Protein chains: 2
Amino acid sequence: MPRKSTKLSRPPAGSGDHVSAARGEMPASNRATRALERRAAIVEAAMEEFIGRGFAATRLDDIAKRAGVAKGTIYLHFKDKESMFEELVRIVIVPVVARLTALPPPTGSVRDLIEAFAGNFLKEVIGTRRGDLVRLIVAEGPRFPAVADFYYREVVSRGIAAMRGLIELGIARGEIRQKDLARYPQILVAPAMIAVIWQSLFARHAPLDAQDMLRVHLDLIFGERRTT
Amino acid sequence: MPRKSTKLSRPPAGSGDHVSAARGEMPASNRATRALERRAAIVEAAMEEFIGRGFAATRLDDIAKRAGVAKGTIYLHFKDKESMFEELVRIVIVPVVARLTALPPPTGSVRDLIEAFAGNFLKEVIGTRRGDLVRLIVAEGPRFPAVADFYYREVVSRGIAAMRGLIELGIARGEIRQKDLARYPQILVAPAMIAVIWQSLFARHAPLDAQDMLRVHLDLIFGERRTT
DNA sequence: TGACCATGACTGACTAGTCAGTCATAAATG
DNA sequence: CATTTATGACTGACTAGTCAGTCATGGTCA
């Protein structure tokens, strides 16, 4: 069979990756700025469409329309649909990782650290467009090894490592009993991930109080807290 | 003429649906039997293709080819691509739910019960084709409200209810300390779900010993076990 | 039993439509 | 005005769904 698109080629070297700064209106500006604005608009629109319909079912015409741009313009910024998708994931994920990685200085207890982390995650990801992106990655990952690899490398493995560090610290300080937990940091983050997926799929059936759930989960790991 | 049935086309004789599909061999059989075999072959093939490429990217020609059947034959069994997908989910999910629901008689401790449950889940779902189906539902759910509804109704809400029952029993018997856990049975199943997704996405990067992880998680909830 | 149809399951070439990607042309810019 | 950037009509590849025709199957009858 002439199976042609099985390629999934590498990103074309030449594409920049900043996601513009000024997301507002203001028609007037110099060329470079306007180009950046357009690029940002395309990224925004593509994100929306890909999340809403998945990769294969998304039409570039729709992205163009939503971005207020002609279809040809998209090809001034991205090589093709596939690499647009892959870049999109990078563009959106990278800043989030950066922000979540910027841990608050390790002042309080390990529980406080993790709680701060969970708070950020709650605010930045769960129930947001970015949460939907995570679902999208889960959905399309197998068909986009490049995306799955990137996500594993940049997000998952780092996240797991960071969590393992915190768990070991917690064990060392006596805050965490279960020593085996350090072997499976996945257990620590599992409810957060489930919350992301739940909100994305079942929010309409049965909304989930993610914040409260995460608190209960931390109580499970650290022991109940006397007060709030 | 395509079959007339409204929503659910049923196999002529209402028997169970085995997924055997002896491909190509054994021409002998009566008509009805062969039809059933073909239907099963189509379901099997469709499952494989949908899991591998997602709904939108799957070609009916490929399903037909894999099933060893002409494209037109598919339309003798299913109304169209969409309802084929929706039926597929039902066909595959229902027997699994049935089997998992058939709990072993409540003999031992709550921990034993849950461990048995987890063992089943491990064997029946994690790392299997059915696990991939779960990922597929997560992927396509938002675009198939009928599928998401069905899955929530038949699998999620039941599962949550069952787990809540077990947790409350565990609390009543003093096996589980954390009373709040009953409010979020999701916490109990989260690692299992994560394991499903992990195996589906990251097995090649970092295989996960799901069984061991679940054990550690149960230790967290029930307290460490003295021996195996 | 063996010959002979009637049935309908099955086929696959075909239609009508979709959509990624192109490129000649137009607009904006400096 | 020369050059860069944007446009959207267009093309070619691809695919869901159709349907006229085929022929194995199972029933009927001498």
Side-chain angles (χ1 to χ4, degrees), chain A residues 1-9 12 14-16 20 26-42 45-46 49-50 53-88, chain B residues 1-5 9-13 21 23-24 26-42 45-46 49-50 53-86 88:
Chain A
M1 266 95 324
R3 191 83 298 277
K4 196 131 152 255
S5 59
T6 319
K7 279 195 35 172
L8 184 50
S9 51
S15 314
S20 133
M26 298 170 59
S29 245
N30 68 50
R31 230 127 117 150
T33 303
R34 298 223 336 152
L36 246 27
E37 283 175 3
R38 270 157 189 276
R39 191 187 160 86
I42 291 169
E49 293 290 329
F50 280 135
R53 324 173 75 89
F55 177 80
T58 290
R59 271 156 286 160
L60 290 213
D61 284 299
D62 288 346
I63 293 176
K65 191 147 104 172
R66 185 188 279 265
V69 144
K71 183 152 62 144
T73 305
I74 292 175
Y75 287 87
L76 299 177
H77 291 273
F78 300 94
K79 178 169 154 287
D80 58 17
K81 196 185 176 188
E82 276 192 18
S83 56
M84 180 164 80
F85 179 68
E86 295 180 13
E87 270 196 68
L88 187 78
Chain B
M1 277 297 278
R3 204 166 231 100
K4 285 309 273 296
S5 61
S9 32
R10 290 240 134 268
R23 280 292 333 108
M26 299 172 57
S29 247
N30 66 50
R31 240 130 111 148
T33 302
R34 299 223 338 154
L36 244 28
E37 282 174 2
R38 270 153 190 273
R39 189 187 161 89
I42 292 170
E49 293 289 329
F50 280 135
R53 327 175 73 90
F55 176 81
T58 290
R59 269 159 282 144
L60 290 211
D61 284 301
D62 288 347
I63 293 176
K65 190 147 105 173
R66 185 188 280 264
V69 145
K71 182 147 67 136
T73 305
I74 292 174
Y75 288 87
L76 300 177
H77 292 274
F78 301 94
K79 179 168 153 286
D80 58 17
K81 197 183 175 190
E82 272 193 24
S83 56
M84 179 164 79
F85 179 68
E86 294 179 13
L88 188 77

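We name chains A, B, ... by the order of the sequence lines, and we start the count at 1 in each one. Hydrogens, waters and symmetry mates are skipped; everything else that's a heavy atom, side chains included, is used. The structure presented is a predicted model; accordingly, all values stated were derived computationally and were not measured.
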Checklist entry - Looking for any heavy atom pair under 4.0 Å, which part of the strands does Lys81(B) touch: base, sugar-phosphate only, or nothing? => result sugar-phosphate

Item to check | Leu60(A) CG to dT7(D) C1', straight-line distance once rounded to whole Å | outcome: 15 Å

Checklist entry - In terms of side-chain heavy atoms of Asp80(B), which of dT7(D), dG17(D), dC10(C) is nearest? => result dG17(D)

Next on the checklist: Would you say Thr73(A) places a side-chain N or O within less than 4.0 Å of OP1 or OP2 belonging to dT7(D)?
Outcome noted: yes

Item to check | Selection from dA20(C), dA16(D), dT11(C) that lies nearest to any side-chain heavy atom of Tyr75(B) | outcome: dA16(D)

Item to check | Distance below 4.0 Å between Arg38(B) side-chain N/O and dA9(C) OP1 or OP2 | outcome: no

Checklist entry - Separation of Ile63(A) atom CD1 from dA20(C) atom P, in whole Å? => result 8 Å

Checklist entry - In terms of side-chain heavy atoms of Leu76(B), which of dA9(C), dT22(C), dA16(D) is nearest? => result dA9(C)

Next on the checklist: What is the separation between atom CD1 on Ile42(B) and atom C1' on dT11(C), rounded to the nearest whole Å?
Outcome noted: 13 Å

Next on the checklist: So, taking the atom named NE2 in His77(B) and the one named CG in Leu36(B), what distance separates them when rounded to the nearest 0.5 Å?
Outcome noted: 8.5 Å

Checklist entry - When the distance from CZ of Phe55(A) to P of dC19(C) is rounded to whole Å, what number comes out? => result 14 Å

Checklist outcome for this item: Closest non-hydrogen atoms of Ala67(A) and Ala41(A), given as atom of the first, atom of the second and distance, are CB-O, 3.7 Å

Checklist entry - Nearest-Å distance, CG (Asp62(B)) to P (dG17(D))? => result 15 Å

Next on the checklist: What is the distance, to the nearest angstrom, from the CZ atom on Arg34(B) to the C1' atom on dA9(C)?
Outcome noted: 9 Å

Checklist entry - Any donor and acceptor pair, going by atom type alone, linking the side chain of Thr58(B) with main-chain N or O of Gly54(B) inside 3.5 Å? => result yes

Item to check | Nearest-angstrom distance from the residue atom CD1 of Ile74(A) to C1' of dG8(D) | outcome: 12 Å

Checklist entry - Can you find a heavy atom in the side chain of Phe50(B) that is under 4.5 Å from one in the side chain of Lys81(B)? => result yes

Checklist entry - Can you tell me how far P of dA6(D) sits from CZ of Phe78(A), to the nearest Å? => result 13 Å

Next on the checklist: Go nucleotide by nucleotide along DNA chain C from the 5' end; which of Ala56(A) and Gly72(A) gets its closest nucleotide reached first?
Outcome noted: Ala56(A)

Checklist entry - Considering all heavy atoms of both residues, which atom of Ile63(B) and which atom of Ala45(B) are nearest to each other, and what is their separation? => result O-CB, 3.6 Å

Next on the checklist: Side chain of Arg59(A) only, heavy atoms from C-beta on: which candidate in dA9(C), dC19(C), dT7(D) is closest?
Outcome noted: dC19(C)

Next on the checklist: As a test of reading the structure: which of dG17(D), dT11(C), dA16(D) is closest to the side chain of Val69(B), going by heavy atoms?
Outcome noted: dT11(C)

